[in-house]
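Heads up: the structure comes next, in structure tokens.
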Protein chains: 2
Amino acid sequence: MSQVTVKDVARLAGVSPRTVSNVVNDYTHVSDDVRRRVLAAIDELGYRPNLVARNLRTGRTGLLALIVPEIDVPYFSELARAVIDAASAHGYRVMIDQTGHDHERERQLLTGSDRTMLFDGILFSPLVTQDEIADLDSSTILPTILLGEHTFTGRFDHIAIDNTRAAFDATTHLAATGRRRIAAVGTQPRETYSTPRQRTAGYLRALDEAGLPHDDDLVVPAAQYHRRDGYDATRRLLALDAPPDAIFCYSDLLAMGAMRAVQDAGRRIPEDVAIIGIDDIEEGRFAIPSLSTVALDKDVIATRALEQLVRRIEEPSRPATQIVVPHTLIERDSTRAPATG
Amino acid sequence: MSQVTVKDVARLAGVSPRTVSNVVNDYTHVSDDVRRRVLAAIDELGYRPNLVARNLRTGRTGLLALIVPEIDVPYFSELARAVIDAASAHGYRVMIDQTGHDHERERQLLTGSDRTMLFDGILFSPLVTQDEIADLDSSTILPTILLGEHTFTGRFDHIAIDNTRAAFDATTHLAATGRRRIAAVGTQPRETYSTPRQRTAGYLRALDEAGLPHDDDLVVPAAQYHRRDGYDATRRLLALDAPPDAIFCYSDLLAMGAMRAVQDAGRRIPEDVAIIGIDDIEEGRFAIPSLSTVALDKDVIATRALEQLVRRIEEPSRPATQIVVPHTLIERDSTRAPATG
DNA sequence: TACATTCTTTGCCACGTTGCAAACGCGCTG
DNA sequence: CAGCGCGTTTGCAACGTGGCAAAGAATGTA
């Protein structure tokens with residue numbers, strides 16, 4: 001456990017500490033002989049560079065922070081996997097923070113008011129905050145990339161999803177299979193959360209274009225996007241005098257709960273009720289029935305996010321950019337057209 | 001972005017840098033007047049202590065590494081959530097590395113041969129490595145806690161699960177509901193992986209105690225523990241001349257794939273085939289039918305692991321201990337006794 | 001008033017590393 | 001053989017912080 005330093009290596013190899021550093025950092029002009037001796041000494045002593053010291057000197061830590069609401073929500077764990085892999089390709093490692101849907105905590109994490117100066121950059125996937133972000137002075141915080149929000153303020157780099165369009169596509173798909181009473185699950189009581197707001201907008205527009213009426217009874221909030229919330233919301237929908245024949249859930253996880261609720265109520269999917277989500281989590285592919293969804297390509301999101309972040313770390317003053325990642329409708333068993341139109 | 005240091009604060013507050021440090025660290029003997037002035041200066045300049053420098057000085061980083069095979073496997077993402085929360089309670093933050101089932105990478109991560117000296121400790125959940133761990137000299141690496149393995153070598157602190165017993169309980173439960181041909185899914189080609197070996201041992205012992213014969217055809221390997229692996233293994237089982245009437249999967253995720261395969265084959269759960277897993281992931285609670293399982297309490301695992309790790313960080317030379325976390329059989333719909341015994 | 005005691009504040013230094021630029025050594029050229 | 005240039009190695013200093021112990025100020029005691 002005792003720290004072996006460049007000095008120890010230098011002494012053993014019979015060179016200066018500085019030369020050891022040169023070897024470790026692959027400096028060009030090092031003779032083969034010296035390199036061999038130094039490497040042998042490193043090996044013998046089990047020397048490992050102290051990253052903290054190195055980073056104090058260079059100002060880089062090689063660490064990024066990924067901030068998500070909850071890591072055990074499949075969308076975020078799948079995203080985290082992609083992010084960690086993408087970061088690894090750029091030589092970075094990823095620390096994960098959870099906000100637990102807590103506004104104030106999101107803000108703290110983002111401004112670094114507690115987690116100071118230990119990271120080279122931040123990847124932030126805000127579930128809830130929006131206005132707060134706009135208030136922040138982007139020049140005072142670390143290089144930051146926002147993931148998944150759509151409203152672009154010009155202050156932060158942004159890997160966005162076209163939420164409105166995704167919701168529109170999902171709802172239109174349901175209408176195209178002959179559904180007439182299409183419910184939406186996942187609105188939020190707080191108006192400020194932009195993702196659900198955008199999805200609701202897309203849902204309503206799709207109803208308009210399909211010539212279907214709006215029905216407030218069919219638009220149900222979900223406090224968080226857990227299976228349980230989808231389950232509860234769907235039970236409420238099924239208890240209506242005129243229950244829906246299709247449910248568009250604002251996330252796949254909500255949809256998993258919805259599917260369970262429909263089957264618990266003794267109704268069939270998709271014959272009685274069709275269900276579609278957004279995210280394309282692995283779980284939906286193996287669900288019974290398999291879940292139709294709007295796929296967000298997490299690998300593309302992660303790859304683009306890391307390109308942007310690395311670029312911004314190297315050039316902090318560059319103008320903020322926005323990238324919209326395309327999505328794809330994936331039709332599976334949960335929305336197959338029923339035998340009778 | 002430019003770094004504000006104690007010196008800047010000291011200059012503005014009209015005190016020495018050292019005094020600023022005293023204020024920041026809540027040193028006892030600081031006059032109220034000075035404290036006020038320093039805090040005001042900190043506020044005005046937006047000073048944030050540089051953790052890298054602090055950590056270089058104190059030798060602590062406040063960072064832990066959590067090493068798992070894949071973060072998007074629900075068991076590990078749920079475990080990660082618990083670990084991050086538990087770490088947070090001790091003032092630590094958690095960096096996550098994925099081994100991707102890669103032996104050599106597990107070894108590298110564990111010995112820190114690349115990730116040098118940046119963490120105060122390691123939480124390591126090895127899916128595969130076992131012998132390698134035994135070879136390591138525990139005194140040369142960071143404080144490390146192993147999660148989930150059972151074989152205790154006395155070299156590392158260990159939060160263990162009684163794998164043998166868990167598998168025994170699961171299999172015995174299937175036998176108790178009248179199943180006669182109980183399959184096991186999840187053995188590994190490589191004999192060295194101890195978790196599957198222990199589970200197989202428990203499975204076989206349960207068969208013995210229930211008076212059921214062993215049948216090699218009913219013991220199926222799964223390369224990794226993904227839904228797809230469970231699906232493929234189960235298809236093979238169902239294609240047997242004498243297919244099983246119950247399947248014990250070595251993880252819930254395997255079981256999710258197994259359930260899908262059974263239903264794709266037009267057979268009913270639990271009437272034709274009962275299925276049980278291990279892990280108690282949230283997904284299984286909402287599956288259709290809901291999945292019986294052996295629950296491993298991830299919060300307890302995480303809490304105990306952090307207690308141990310913090311203790312070891314403070315006292316590196318203390319003897320290694322092992323804690324076995326209890327498990328619980330949870331009966332749900334996937335193993336309800338069929339109407340006819 | 002002189003001295004002991006306690007409370008505050010400070011200067012110096014080191015943590016382990018790398019940037020900088022100077023120094024060294026060697027072979028080549030004129 | 002002097003002089004030059006390139007390849008190689010090195011000493012010094014600094015990144016920003018906190019440990020240490022001593023200096024300085026304030027208070028209490030004889």
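Throughout, protein chains are lettered first and strands after them, A, B, ... in sequence-line order, and every chain is numbered starting at 1.
Taking the nucleotide of DNA chain C with the nearest heavy atom to each of A:Ala53 and B:Gly14, the more 5' of the two is matched to B:Gly14. In terms of position along DNA chain C, the nucleotide closest to B:Asn22 lies nearer the 5' end than the nucleotide closest to the other residue of the pair B:Thr58 and B:Asn22.
Rounded to an integer number of Å, the gap from CZ of B:Arg36 to P of C:dT8 is 13 Å. Look at CG on A:Leu56: it is 12 Å from C1' on C:dA14, rounded to the nearest Å. Atom CZ of B:Arg54 and atom P of D:dC15 are 18 Å apart (whole Å). Counting to the nearest Å, the C1' atom of D:dG16 and the CZ atom of B:Arg48 are 16 Å from each other. Rounded to a whole Å, the CG atom of A:Asp32 is 9 Å from the P atom of D:dT8. Atoms CG (A:Asn25) and C1' (C:dG19) sit 11 Å apart, rounded to a whole Å. Atom NZ in A:Lys7 sits roughly 8 Å away from atom P in C:dA14 (whole-Å rounding). Atoms OH (A:Tyr27) and P (C:dT17) sit 19 Å apart, rounded to a whole Å.
When the side-chain nitrogen and oxygen atoms of A:Thr19 are compared with OP1 and OP2 of D:dT10, one or more of them lie within a distance under 4.0 Å.
Counting any heavy atom pair closer than 4.0 Å across all strands shown, A:Ser31 reaches sugar-phosphate atoms only and no base atom. Residue contacts for B:Thr5: at a heavy-atom cut-off of 4.0 Å it reaches the sugar-phosphate backbone alone, with no base atom in range. If you check every strand for non-hydrogen atoms under 4.0 Å, A:Ser21 touches a base. When heavy atoms are screened at a 4.0 angstrom cut-off, B:Val15 is found touching the sugar-phosphate backbone but no base atom.
The existence of a salt bridge linking B:Glu78 and B:Arg81 is excluded, since no basic side-chain nitrogen approaches an acidic carboxylate oxygen closer than 4.0 Å.
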Point to revise | salt bridge (Lys or Arg N to Asp or Glu O under 4.0 Å) evaluation trace for A:Arg60 with A:Asp120 | key: CA-CA 6 Å; A:Arg60 297 271 175 96; A:Asp120 294 340; 5.2 Å; no
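Within the 3.5 Å criterion, the main-chain N or O of A:Arg54 finds a donor-acceptor partner in the side chain of A:Thr58. Between the side chain of A:Asn25 and the main chain of A:Ser21, a donor-acceptor pair closer than 3.5 Å is present. One N or O on the side chain of A:Arg312 and one on the backbone of A:Arg318 form a donor-acceptor pair closer than 3.5 Å.
The side chain of A:Asn50 has C:dT17 as its nearest neighbour among D:dG16, C:dT10, C:dT17. With distances taken from any side-chain atom of B:Arg18 to the nucleotides C:dT10, D:dT8, C:dG19, the minimum falls on C:dT10.
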